[in-house]
Amino acid sequence: MDDLQYSLDLFKHLGRRSVLPLVSRPISTICQAAATGDLPDLNNVQGDAIYLFPKNAENFVFFRINNVTSFRTALWSFKPTTAEDVKNNLISIAVAKANARDASSVPTVDIAQYQISFSRAGLYFLGVNEGTGDVRFDKRCMNDDKELIGDTKQWDPMFVKATPDPVNGSVRNDTGALHGVITVAGSSAETCTKASHDVIDLFGSSITVAGGKPVEGRARPPPYKGHEHFGFRDGISQPCLRGLVIPRAGQVQVDPGVIIMGYPGDPVRDNPTTKVKRPAWTKDGTILVFRKLEQSVISFEDYVQRNGPRWREFIPGGDISPPLNKQEAEDLFGARFIGRWKSGAPLAKCPFRDNQKMALDPDLINDFDYVVRDNPNISQYEPSDYHCPFTAHTRKIAPRNLNPFIDAKFLGSGSLVRAGLPYGDEVTDQERRDVASGSDELPRGLLFNCYMSDLDSGFVRHMIGYARNDYWPMTSLVPQKKGN
Ligand code: HEM
């Protein structure tokens, strides 16, 4: 049995998960690659970046360091969860599921997982002055680039820096800077809360927790688990890191260095001409981008309900048999925002009606590239929006296929591993009534976090090159303005 079949069998009870470890058999190709140094050292990579923490709750403890000496002492006792640990956690969960009599009797595998990340200001504060090789990270904090990435609204005060410098970057100015974040992920809210307290106790007075408490992310309750607050299943499309992750049909395959520094695919390591080098300590590291994104769920629902009746405008030819009912019409309007139905089924493959079967099959849900193959009048040789709008979220933020204009390798080279979780309470009928009579919606949204080895190739390219690019898609010498 080869590694792939062995891994598929091992994890068959975690079939809905989009990232599953490729587990090596003895004398496998993976072992050989690891021996030649081409694969990240799973015992040296923090756990969320490659395999994603299995979690129902996640707390982000943003902090400033008060005392470098006592912080360093506490850090020696802090044990981050490694990618190897996460692999083993996933095996434990798979085994518990395999041994359960039925779905209702699966015991919860109680897990707490930890990782720590530093801002550039935090590294300076600790006396680490060497550059990381990521030119943007080494000069600018996100607050410096707030306008560049298109943020027009007020930020949560916790993340606002008193002295941003959009021209020169402000990482050298420590005033009001966050020094880092400890991520604590748990199998339940209770486990996560307790583990967060333990971690805050461990660092004690060596840190001040920004905002006085962790920022809490929670999976939505069943049947919405795995769905973000607008109702759409999230976390489906993730890059497959070659040699480390089980490749599923349609998944974009990338070299591990796209996410983990110091390996093939890392644009700094791979650039023979650059004077910028990665210091040795960055090997097996990654860059975390964190964003707290508020969602106006009631307004979104209202917008979809008001526009659903326009469905005939969005169906090529203007009609479909049998006609869509009210709910189907609203669902279609919403799906055209995202590029997927709430179930996760891709609009590119089921453009008019949801398809639950496709949504449940890990080898169908990602197997699309936006090429229209079912209509002889549509060219397969240039991008078409016949099935999915160019401006749908998934298509705009990760175009997948801009043949023949942009090489798929370029698109893959900017991939992100996304690991976010919703925050805030569920909408209630009472809140809907309150909002109808003029109250504000309660705060809720997405704690978006993602990993990449290089900010400009990853998150920045997604925001500036794709999401904020009104001339989209870039598929001619004179791209047309399509809006954002
Ligand atoms: C509140 C804000 C956001 C919501 C509600 C949201 C929701 C979603 C949903 C429902 C999907 C489809 C599920 C999937 O393919 O995994 C998705 C995909 C994706 N999102 Fe977001 N997202 C948000 C913000 C962002 C931001 C800021 C980025 C920035 C880089 C981003 C990057 C992506 C990427 C790369 C994909 C995968 C697309 C693909 O490969 O097909 N998202 N998002």
Side-chain angles (χ1 to χ4, degrees), residues 16-19 52 142 145-146 148-151 153 217 220 224 226-240 248-254 258-259 287-297 299-301 304 331 334-349 358-359 362 364-370 388-402 408 411-424 441 443-452 454-469 484:
R16 269 176 64 107
R17 202 174 204 269
S18 50
V19 176
L52 303 164
M142 199 193 284
D145 288 332
K146 184 168 182 268
L148 183 80
I149 56 179
D151 284 9
K153 295 270 170 60
R220 294 183 62 201
Y224 306 112
H227 294 236
E228 51 70 54
H229 274 298
F230 290 148
F232 295 86
R233 194 172 143 204
D234 201 358
I236 306 167
S237 346
Q238 302 279 13
C240 167
R248 306 310 293 244
Q251 204 176 1
V252 176
Q253 297 199 29
V254 301
V258 170
I259 307 298
I287 293 205
L288 161 70
V289 169
F290 175 92
R291 311 212 70 209
K292 187 177 179 193
L293 298 170
E294 192 162 316
Q295 294 173 260
S296 302
V297 175
S299 304
F300 178 79
E301 287 172 354
V304 165
D331 290 348
R336 290 178 67 91
F337 269 102
I338 297 291
R340 289 185 183 273
W341 298 86
K342 286 187 174 172
S343 65
L347 206 59
K349 284 176 85 175
M358 196 173 289
L364 293 179
I365 195 165
N366 252 325
D367 194 12
F368 65 96
D369 60 3
Y370 298 110
C388 179
F390 289 124
T391 49
H393 171 61
T394 54
R395 195 166 188 186
K396 188 118 200 258
I397 204 82
R400 286 193 181 211
N401 171 9
L402 293 177
L411 300 177
S413 71
S415 299
L416 307 169
V417 168
R418 293 171 301 123
L421 215 55
Y423 74 92
E441 292 191 34
R444 62 176 63 78
L446 183 67
L447 300 183
F448 174 89
N449 58 341
C450 65
Y451 302 95
M452 73 228 79
D454 179 71
L455 270 173
D456 277 5
S457 305
F459 178 73
V460 176
R461 187 193 295 171
H462 279 76
M463 295 307 297
I464 316 296
Y466 304 162
R468 292 204 66 204
N469 186 351
N484 48 19

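Along the sequence shown, residues are numbered consecutively beginning with 1. Start at 1 and go down the list; that is how both ligands and their atoms are numbered.
For T391 and R336, the side-chain atoms include no donor-acceptor pair closer than 3.5 Å. Under 3.5 Å, the side chains of R400 and N366 contain a donor-acceptor pair of N or O atoms. Using modelled atom types and a 3.5 Å distance limit, the side chains of E228 and Q295 yield a donor-acceptor pair.
Under the 3.5 Å distance criterion, the side-chain polar atoms of N449 are matched with a main-chain donor or acceptor of G420. With hydrogens and angles disregarded, no donor-acceptor distance shorter than 3.5 Å links the side chain of D145 to the backbone of L148. In this structure, the side chain of S415 engages the main chain of G412 through a donor-acceptor pair within 3.5 Å. Between the side chain of E441 and the main chain of S299, a donor-acceptor pair closer than 3.5 Å is present. Judged by distance alone, with hydrogens and angles left aside, the side-chain atoms of R233 form no donor-acceptor pair with the main-chain N or O of A345 at under 3.5 Å.
Heavy-atom separations between G445 and ligand 1 are all 4.0 Å or longer. Residue contacts with ligand 1 leave out H229, since none of its heavy atoms falls under 4.0 Å from the ligand. Residue contact check for ligand 1: R418 places a non-hydrogen atom closer than 4.0 Å to it. Taking a 4.0 Å cut-off on heavy atoms, R400 registers as neighbouring ligand 1.
Only side-chain heavy atoms of L446 come within less than 4.0 Å of ligand 1; its backbone N, CA, C and O stay farther off. With a 4.0 Å heavy-atom cut-off, ligand 1 is reached by the side chain of L416 but not by its N, CA, C or O. For Q238, no heavy-atom contact with ligand 1 is shorter than 4.0 Å. For Q295, every heavy-atom contact with ligand 1 shorter than 4.0 Å involves the side chain, none the backbone.
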Checking F230 against V297 for the side-chain contact (heavy atoms from CB on, under 4.5 Å) test, could you report, in this order, the C-alpha distance in whole Å, the side-chain angles of both residues, the deciding distance, and whether it holds? CA-CA 6 Å; F230 290 148; V297 175; 4.2 Å; yes

Using the ring pair (Phe, Tyr, Trp, His ring centres under 6.0 Å) rule, take F337 and F232 through it: C-alpha gap first, then chi angles, then the decisive distance, then the call. CA-CA 11 Å; F337 269 102; F232 295 86; 8.7 Å; no

Going through the distances and angles, do R248 and I365 end up as a side-chain contact (heavy atoms from CB on, under 4.5 Å)? CA-CA 10 Å; R248 306 310 293 244; I365 195 165; over 6 Å; no

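Listed by atom number, the atoms of ligand 1 under 4.0 Å from F232 heavy atoms are 10 (C). For ligand 1, the atoms closer than 4.0 angstrom to any heavy atom of A398 are 38 (C), 39 (C), 40 (O). Near E228, meaning under 4.0 Å from one of its heavy atoms, ligand 1 places the atoms 5 (C). Near R233, meaning under 4.0 Å from any of its heavy atoms, are these atoms of ligand 1: 10 (C), 12 (C), 13 (C).
Of all the listed residues (S415, P422, S237, G420), S237 holds the heavy atom that lies closest to atom 39 (C) of ligand 1. For atom 32 (C) of ligand 1, the nearest non-hydrogen atom from the set I397, V297, L447 comes from I397.
Annotation: H462 places no N or O atom under 3.5 Å from an N or O atom of ligand 1; distance criterion only.
Scanning the protein heavy atoms around atom 11 (C) of ligand 1, the nearest turns out to be D234 OD1, 3.5 Å. Looking only at protein heavy atoms, the nearest one to atom 23 (C) of ligand 1 is H393 NE2, 3.7 Å. The protein non-hydrogen atom at the shortest distance from atom 27 (C) of ligand 1 is L293 CD1, 3.9 Å. The nearest heavy-atom contact from the protein to atom 26 (C) of ligand 1 is F448 CE1, 3.5 Å.
With respect to the salt-bridge test (charged N to carboxylate O, under 4.0 angstrom), the residues R418 and D234 qualify.
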